[in-house]
Colleague: 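Let me give you the structure first, and then I'll get to my questions.
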Amino acid sequence: MTRPMPAPESPLVHHLDADGVTLCVFEWGRAQRGAAPTIVLAHATGFHARCWDRVVERLPDRHVLAVDQRGHGRSRYTGPARWADFGRDLAAVARALAIRDAVGVGHSMGGHATTDAAALLPAAFRRLVLIDPVIAAPALYGTRAWSTGDDQHPTARRRDRWTSPDEMFDRFRTRAPFDTWDPGVLRDYCVHGLRPDGDAFVLACAPAFEASVYMAALAAGPIHASVRAIDVPVLVVRAKEPRDPRDLRDFRYSPTWPHLAAAFRHGRDLHLPDRTHFLPMEDPAFAAELIVEPILGD
């Protein structure tokens, strides 16, 4: 008989300043702090911290933090998208909350941010789990953007306004790529990814800002300098590889440089060709297992 999941704990909510931007941070398991390494979760572009809720509920005995990155969730920001800022923000959160020897977990853009944060604040992290991080081959940096065939990223045309989270959920649950997500994760994505606006709801991460993040990805700063600086174990989890650059228009393919793990001093590659870029959304139980993977140890 399968044991039912425990009811999820309501997180504490912190509002912290990072270079003039107020970041929202969610905290679970404060009473467990110090019993095992804290887990720090960083989400993908266009998502928010509460997309991790179904993973967090599978880590009931751990102290966990999840950050709404600037321009996402409850962390408001309308300035230009600069990828280095996300790493600096994450380091600022770790510094403000006195985090040391944590497990840093980043999905997609969150993997890029976690890498930068670990280089900026080495004492904060004892190991990293990067789930399909948006870190490309070194030679690609300095170009304008990922190749999409458009001057504007297609996410700029994302529907922004909804009558309710239920409408958004009902619309997405049968549409790719959301139709493969765990229903609880999709529900969290809709409920916490909207904010009230008059008699309706709008996306907390504005489509124009989300698009600008994608367009700035390869104009980012020297992420590979951060890769080379990190001296802790790093697990790089990669989903199915694109067959050619046009596949990157399909968010289900991996944006990760296949040789990334070897570029870290203590990197390990885990290629999962049967998984998509949305692994944490599709299988939160497996994502939780990756985070506490005993081969890298606590």
Side-chain angles (χ1 to χ4, degrees), residues 11-27 40-53 65-97 99 104-121 124 133-135 144-146 152-162 165 168 188-198 200-223 226 251:
L12 297 174
V13 181
H14 304 272
H15 296 280
L16 306 174
D17 178 76
D19 194 24
V21 177
T22 300
L23 300 175
C24 186
V25 182
F26 299 89
E27 180 180 22
V40 180
L41 303 169
H43 63 77
T45 303
F47 291 11
H48 51 76
R50 303 302 298 274
C51 287
W52 290 106
D53 278 25
L65 301 170
V67 182
D68 272 341
Q69 310 217 50
R70 62 173 62 199
H72 297 75
R74 299 190 193 181
S75 298
R76 301 294 296 280
Y77 178 70
T78 57
R82 293 183 294 255
W83 281 59
D85 287 339
F86 298 119
R88 284 193 286 264
D89 289 348
L90 198 58
V93 167
R95 192 178 295 112
L97 296 178
I99 298 302
V105 182
H107 172 226
S108 193
M109 180 265 284
H112 187 289
T114 299
T115 300
D116 265 345
L120 288 167
L121 202 62
V134 182
I135 300 179
R144 184 171 63 87
W146 296 108
Q152 187 181 55
H153 196 274
T155 53
R157 298 187 289 273
R158 192 186 301 279
R159 178 178 170 182
D160 184 42
R161 197 167 187 85
W162 301 86
M168 185 176 174
D188 293 334
Y189 171 69
C190 298
V191 169
H192 301 289
L194 296 174
R195 58 180 176 83
D197 184 58
F201 295 82
V202 295
L203 293 175
C205 181
F209 180 75
E210 180 181 356
S212 73
V213 175
Y214 287 116
M215 295 299 284
L218 293 179
I223 185 64
S226 295
F251 288 138

Colleague: List in chain and number order the residues that pass side-chain contact (heavy atoms from CB on, under 4.5 Å) with Ser226, two or more places apart in sequence or in another chain; answer none if no residue qualifies.
Modeller: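 Expected list: Thr115, Asp116, Ala119, Ile223.
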Colleague: I'd like to check the ring-ring contact (aromatic ring centres under 6.0 Å, His included) partners of Phe86; sequence neighbours left out, ordered by chain and number.
Modeller: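 For Phe86, no residue satisfies ring-ring contact (aromatic ring centres under 6.0 Å, His included) once neighbours in sequence are set aside.
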Colleague: For His48, which residues count as a ring-ring contact (aromatic ring centres under 6.0 Å, His included) partner, sequence neighbours excluded?
Modeller: none
Colleague: When rounded to the nearest 0.5 angstrom, what is the spacing between NE2 in His112 and OG1 in Thr114?
Modeller: 10.5 Å
Colleague: Which heavy atom of Cys205 sits nearest a heavy atom of Gly46, and at what distance?
Modeller: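 Scanning both residues completely, I find the closest heavy atoms to be SG-CA, 3.9 Å.
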Colleague: Restricting to side-chain contact (heavy atoms from CB on, under 4.5 Å), what partner residues turn up for Arg161, sequence neighbours left out?
Modeller: Asp197, Asp199, Ala200, Val202
Colleague: Drop me the distance from His192's NE2 to Phe47's CZ, to the nearest 0.5 angstrom.
Modeller: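 Output value for this atom pair is 14.5 Å.
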Colleague: Return the set of residues passing ring-ring contact (aromatic ring centres under 6.0 Å, His included) with His107 (not counting sequence neighbours), or none when no residue passes.
Modeller: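 Per chain and number, His107 pairs via ring-ring contact (aromatic ring centres under 6.0 Å, His included) with His277.
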Colleague: Tell me which one of Val67, Ile99, Val40 satisfies side-chain contact (heavy atoms from CB on, under 4.5 Å) with Val93.
Modeller: Val67
Colleague: Side-chain atoms of residues 13-23: list all donor-acceptor pairs with protein atoms under 3.5 Å, sequence neighbours left out, distances to 0.1 Å.
Modeller:
residue : atom : partner : partner atom : Å
His14   : NE2  : Glu27   : OE1          : 2.6
Asp17   : OD1  : Gly20   : N            : 3.3

Colleague: For Arg50, check salt bridge (Lys or Arg N to Asp or Glu O under 4.0 Å) against everything at least two apart and list the hits.
Modeller: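 Arg50 satisfies salt bridge (Lys or Arg N to Asp or Glu O under 4.0 Å) with Asp53 only.
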Colleague: Restricting to side chain to side chain donor-acceptor pair (under 3.5 Å), what partner residues turn up for Asp89, sequence neighbours left out?
Modeller: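 For Asp89 the side chain to side chain donor-acceptor pair (under 3.5 Å) partners, ignoring immediate neighbours, are Arg70.
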Colleague: Hey, mind stepping through Ser108 and Val134 against side chain to side chain contact (heavy atoms under 4.5 Å, CB included) and telling me if it holds?
Modeller: CA-CA 5 Å; Ser108 193; Val134 182; 3.4 Å; yes
Colleague: Kindly write out the residues that satisfy side chain to side chain donor-acceptor pair (under 3.5 Å) with Arg82, not counting sequence neighbours, or none if the list is empty.
Modeller: Asp85
Colleague: Of all residues at least two apart in sequence or in a different chain, which pass the side-chain contact (heavy atoms from CB on, under 4.5 Å) check with Ala66?
Modeller: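 Trp28, Leu41, Ala49, Trp52.
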Colleague: Leu203: which residues meet the side-chain contact (heavy atoms from CB on, under 4.5 Å) condition with it, sequence neighbours left out?
Modeller: Arg158, Asp160, Trp162, Met168, Leu194, Pro207
Colleague: Where do Phe209 and Gly71 come nearest, in terms of heavy atoms and distance?
Modeller: CE2-CA, 3.7 Å
Colleague: Could you tell me whether a side-chain N or O of Asp68 sits under 3.5 Å from a main-chain N or O of Cys24, the two making a donor and an acceptor?
Modeller: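 Answer holds: no.
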Colleague: Can you see which heavy atom on Ala91 is nearest to which on Leu121, and at what distance?
Modeller: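 Nearest pair, atom of Ala91 first, then Leu121: O-CD2, 3.6 Å.
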Colleague: Where the side chain of Trp83 meets the backbone of Ala113, is there a donor-acceptor pair that is under 3.5 Å apart?
Modeller: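 No; judged by distance alone, with no hydrogens or angles, the pair does not exist.
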Colleague: Return the minimal non-hydrogen interatomic distance between Ala117 and Leu90, and the atom names on each side.
Modeller: CB-CB, 3.8 Å
